[in-house]
Amino acid sequence: MGNTGCSNIKNEDDAFLVLSLPFVAFARILSYLDLEARQNLRLVSRRFAAEVLYVDKTMREWRIELRHEDPDQVTKVLYKAQANGSKFLLRLDITACLLTEASTQKCCDFVNLWKDSSVIELVTNVKGSESFLSTVKFPRLDSVEIYTASQHDGTIVNNLITNHAHTLKSLRIGVLKYPVGLECQAPNLEVLSFFTRRVTQALSTMEFLKFGKCIKRLNLGNALIEPTEPEHLHLPNLKHLEISAQNDSGFQLVQENSAHVEVLKVTGSLKDTGSLKFIPKLLPKLKVLVLNTDKEVIEALLPTCKDTVEYLVIAISQDSITTEALKMKKLKCFALSDLTDDWGVKMIAMNKGSLKYFSCSGSGNQSLAMLENLPSDLPKMANIVVTWPEAPIPDMTWLRNRYPQCRITAKCGTEFKVHMTKYLKNIGQVLLSNL
């Protein structure tokens, strides 16, 4: 019999008639195919990939998180999954596996067993005894989190990062008591975060910025950058920047990347007003601004983005903000931690033409009184969310009656965070931890 191939297919859609079969029939066909054939079928098109993944669970890519599980037990499960043809990716949290010498050795054996094909994420503490992390190489590792590290020379951390510089996409580093840096190009690194809450000694952050020119999101935290040339602070792909007002480093980053930053979060108290000299005159692409800092910083930043900012969160109570800084051309969302002064009301009044969403937290009669001063001609279907620290929430019927054209919602604090996060999910991961 000759090779019929696709000679009987009269049009392109005929090739996909098998996808119109009932679920049971399609599953029956797959049962006659070996593992390699099913894998190839999944590559035919997106439609085939979706159907094969739905019918055959062995074709799915499992993500397994290791936290407190025993490595030996996990190995047995993975061997069984492997025998069934399942694919899996490992997110290793080995923090709890490094408490004793015996458990560290068991963890080392597990890592060496599965490192070559499966590990994509690693979370760990580094205390100096994890020497195997200095030499191990994970071919697919794209995310590393190092929460704490004790007083060692940093060799383990530096080697771990450098060995995976070419595959890393996300790197998060906690409290470090020694300089750490990046010693070679990291062409895929998009997220870099120093999430320590206290000021550390000067980190070799310059090396990260020098070799990580693809960084899109940077959280500097309270980490300091040692003095360096301005060009080393320029990150052409940077879109999301989080800094602390406690040192000059963050404001220097804002200055050097002012032309393309779209999301900016500033926290902490200003230690030296001299840092304000680094705030640029214009942030032409800034759309999201989250501020939990001093009045001086707020008043300096608002004019720089008055033509572009659409989402503004001021997560700290302020006595007064100058009127000149309140007018925004495109402001859609305004969130204020505590409405206790009339500047917040002025902000709403001056931006009511574009404002679609306003939220504030209440803490007493003063906040309620301020709500009565909102402009009566708020736009139709505007959202007003009032959050109270705890139940019971005051009756908001009067507010609904006063503004029938608006959607009024009253929530407790925790519910508000969830609500606000969902509202902002389409514009990036804006952190509201202090709101």
Side-chain angles (χ1 to χ4, degrees), residues 171-176 178-183 185-186 189-306 308-309 316 325 428 430-431 434:
L171 177 60
R172 302 181 74 237
I173 300 177
V175 178
L176 296 176
Y178 45 76
V180 63
L182 188 63
E183 299 175 6
Q185 296 291 339
L189 187 63
E190 296 183 353
V191 179
L192 176 62
S193 177
F194 298 97
F195 53 98
T196 173
R197 291 189 176 183
R198 61 189 182 192
V199 176
T200 63
Q201 71 179 58
L203 300 178
S204 299
T205 316
M206 181 186 69
E207 301 302 320
F208 286 108
L209 305 184
K210 179 180 178 181
F211 293 118
K213 290 300 182 181
C214 290
I215 293 174
K216 295 180 179 179
R217 176 169 181 165
L218 173 62
N219 180 1
L220 190 61
N222 288 327
L224 301 174
I225 301 177
E226 63 279 335
T228 183
E229 297 298 323
E231 59 266 22
H232 290 157
L233 301 177
H234 181 69
L235 302 172
N237 296 292
L238 187 66
K239 303 295 184 184
H240 186 132
L241 177 60
E242 299 177 34
I243 65 171
S244 169
Q246 295 186 19
N247 55 70
D248 292 345
S249 306
F251 292 115
Q252 287 178 291
L253 276 166
V254 174
Q255 183 182 61
E256 294 300 323
N257 298 280
S258 60
H260 44 264
V261 168
E262 297 179 3
V263 179
L264 176 62
K265 180 180 179 181
V266 184
T267 60
S269 298
L270 192 66
K271 284 191 173 182
D272 182 5
T273 55
S275 300
L276 297 177
K277 68 183 180 182
F278 295 110
I279 294 180
K281 293 182 178 181
L282 188 64
L283 292 168
K285 292 190 177 181
L286 194 69
K287 295 181 180 179
V288 183
L289 183 59
V290 181
L291 300 171
N292 187 2
T293 184
D294 299 322
K295 172 184 175 181
E296 292 84 358
V297 179
I298 296 174
E299 291 185 335
L301 278 172
L302 289 182
T304 68
C305 55
K306 63 181 182 180
T308 59
V309 74
I316 191 170
V430 179
L431 303 181
N434 296 308

Does any pair with a residue in [range] pass ring-ring contact (aromatic ring centres under 6.0 Å, His included), and if so which ones, sequence neighbours excluded?
range            : answer
residues 261-284 : none
residues 283-304 : none
residues 284-305 : none

Restricting to non-hydrogen atoms, name the atom on [X] and the atom on [Y] that form the minimum distance, rounded to 0.1 Å.
X      : Y      : answer
Phe251 : Ala245 : CE1-CA, 3.8 Å
Leu220 : Ser249 : CD2-CB, 3.9 Å
Leu270 : Ser275 : CD1-CB, 4.1 Å
Thr304 : Ile279 : CG2-CG2, 4.1 Å
Pro280 : Ser258 : CG-CB, 3.7 Å
Glu296 : Leu276 : CB-CD1, 4.1 Å

Lys271 side chain to Asp248 main-chain N or O, any donor-acceptor pair under 3.5 Å?
->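 No; judged by distance alone, with no hydrogens or angles, the pair does not exist.
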Tell me, please, which residues at least two apart from [X] pass salt bridge (Lys or Arg N to Asp or Glu O under 4.0 Å).
X      : result
Glu256 : none
Lys216 : Glu190
Lys306 : none

Could you please spell out the steps behind the side-chain contact (heavy atoms from CB on, under 4.5 Å) verdict for Leu283 and Val309?
-> CA-CA 9 Å; Leu283 292 168; Val309 74; over 6 Å; no
Rounded to the nearest 0.5 Å, what's the gap from [atom1] on [X] to [atom2] on [Y]? Could you check?
X      : Y      : atom1 : atom2 : value
Leu264 : Leu301 : CG    : CG    : 6.0 Å
Lys265 : Thr293 : NZ    : OG1   : 11.5 Å
Leu241 : Ile215 : CG    : CD1   : 10.5 Å
Glu242 : Leu218 : CD    : CG    : 8.5 Å

Taking the side chain as C-beta and beyond, is there a heavy-atom pair between Val261 and Leu238 under 4.5 Å?
->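 In short, these two side chains touch, coming nearer than 4.5 Å.
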Check side-chain hydrogen bond (donor to acceptor under 3.5 Å, both in side chains) between His260 and all other residues, then give those that pass, not counting sequence neighbours.
->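 Once residues adjacent in sequence are excluded, the partners of His260 under the side-chain hydrogen bond (donor to acceptor under 3.5 Å, both in side chains) criterion are Asn257.
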side-chain hydrogen bond (donor to acceptor under 3.5 Å, both in side chains) partners for Thr308, two or more places apart | none
Taking side-chain contact (heavy atoms from CB on, under 4.5 Å) as the test, write out the residues that go with Lys285, two or more places apart.
->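 Scan of Lys285 (side-chain contact (heavy atoms from CB on, under 4.5 Å), adjacent residues dropped) gives Glu262.
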Would you please name every residue forming a side-chain contact (heavy atoms from CB on, under 4.5 Å) with Val191, sequence neighbours left out?
->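 Partners of Val191 by the side-chain contact (heavy atoms from CB on, under 4.5 Å) criterion, ordered by chain and then number, come out as Ser170, Arg217.
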